[in-house]
Amino acid sequence: MTRYTGLIERYRNRLPVSADTRIISLGEGNTPLIQLQNIPRLIGKDVDIYVKFEGLNPTGSFKDRGMTMAVTKAVEAGSHAIICASTGNTSASAAAYAVRAGIKAFVLIPEGKIALGKLAQTLMYDAKIIQISGNFDRGMALVKEVADHAPVTIVNSINPFRIDGQKTAAFEIVDALGFAPDYHCLPVGNAGNITAYWKGYTEYTTDRVCGNRPVMCGYQAAGAAPFVLGEMVDNPETVATAIRIGHPQSWDFAWAAQRESGGWFDKFTDEKILAAQKMLSQFEGIFCEPASAASLAGALHDIGSGKIPEGSVIVCTLTGNGIKDPEIAMMQCADAKPVTIDASLDAVKRAILDNL
Ligand SMILES: *Cc1c(COP(=O)(O)O)cnc(C)c1O
């Protein structure tokens with residue numbers, strides 16, 4: 001047995017590192033590809049759906065895949081500080097990897113619009129948190145400007161090393177299945193991840209590790225759907241805060257992935273997204289964060305309409321862990337109050353027998 005030490009070591013020959021590079025890793029990647037068992041039966045369709053549960057990365061989201069590369073390269077280049085704009089997960093990830101590297105992290109977050117767990121993480125990792133009275137898009141613009149005026153390395157997904165790290169998720173899927181799926185469904189915010197998956201699948205097909213690339217399906221929240229509208233959105237709104245983005249940075253790359261794969265973008269209401277989140281928890285035992293569930297909401301919609309035909313192999317990326325956003329979860333389950341009883345054998349017995 002060799003101890004797993006992160007995705008850079010695993011895919012070293014496909015990443016821009018040398019034998020001398022000091023690798024900054026928390027053991028990210030190697031996340032489970034879980035086959036859904038109950039939901040396909042429930043919807044009565046002959047489809048093979050897998051979820052790539054990225055919520056099991058060290059800080060609870062896929063951002064760690066990109067961050068291990070971005071911070072490794074920042075340190076290699078002699079940088080002592082990193083900066084990002086974030087809807088929450090990038091800040092948590094940047095903060096953790098900065099600690100690991102022994103450098104500083106500055107994170108710009110939209111005031112009051114990041115999930116509680118993400119804020120708690122970022123505070124614990126001791127990053128310098130800068131709250132702005134503006135949304136992610138404004139924060140992103142400021143980060144790009146300030147990087148010209150201060151010695152900080154940007155670790156948002158406009159940093160190409162982020163994309164390189166994140167492409168390894170596509171490698172893992174092909175390595176696990178032995179082939180590429182027919183369809184790959186994922187939530188789209190800033191569009192770095194759809195860009196990264198497409199890059200990963202493309203590299204593997206070019207090198208004949210797999211024979212085909214999947215159709216890429218990017219799903220957005222109805223109130224933050226620039227790719228569906230075909231234009232930037234100035235005041236994006238959704239409970240799925242991780243995809244509350246109106247001016248995606250990887251605009252052209254994401255369109256290329258859609259076009260070259262024969263894929264599409266679509267949007268879903270918050271209600272539909274939250275219903276998919278609940279469904280995964282309730283029927284499969286998988287708790288992802290709201291934004292992540294856009295992938296399943298979209299997949300189920302397109303399977304229902306036949307746009308994704310029966311017989312297909314589908315992978316949905318679950319981008320982040322549900323425990324990051326306890327407030328939305330509690331709101332969704334407001335009716336499901338725990339029962340309170342006497343601390344006696346009789347009362348506990350009754351509570352069980354009444355509910356079998
Ligand atoms: C960052 C993030 C997204 C959006 O990914 P992009 O690369 O910005 O499109 C989706 N879900 C979660 C949980 C995220 O943290």
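Whatever order the structure lists them in is the order used to number ligands and atoms, beginning at 1. Please read all numbers here as calculations on a predicted model, not as lab measurements.
- Salt-bridge formation is detected for the pair Asp164/Lys199: a Lys NZ or Arg NE/NH1/NH2 atom is positioned less than 4.0 Å from an Asp or Glu carboxylate oxygen.
- Applying the salt bridge (Lys or Arg N to Asp or Glu O under 4.0 Å) test to Lys52 and every residue at least two apart in sequence or in another chain returns Glu172.
- Not a single donor-acceptor pair under 3.5 Å links the side chain of Glu28 to the backbone N or O of Thr68.
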Check ligand 1 for close polar pairs with the protein: N or O on both sides, less than 3.5 Å.
residue, atom, partner, partner atom, Å
ligand 1, 7 (O), Gly192, N, 3.2
ligand 1, 7 (O), Asn193, N, 2.8
ligand 1, 8 (O), Asn190, N, 2.8
ligand 1, 9 (O), Gly189, N, 2.8
ligand 1, 9 (O), Asn190, N, 3.3
ligand 1, 9 (O), Ala191, N, 2.8
ligand 1, 11 (N), Thr319, OG1, 2.7
ligand 1, 15 (O), Lys63, NZ, 2.6
ligand 1, 15 (O), Asn89, ND2, 2.7

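- Around NZ of Lys267, the count of heavy atoms belonging to other residues, nucleotides or ligands within 6.0 Å does not exceed 12.
- Of all the heavy atoms in Thr122 and Ala95, the pair that sits closest is CG2-CB, 4.2 Å.
- Between Tyr201 and His184, the ring centre distance stays below 6.0 Å.
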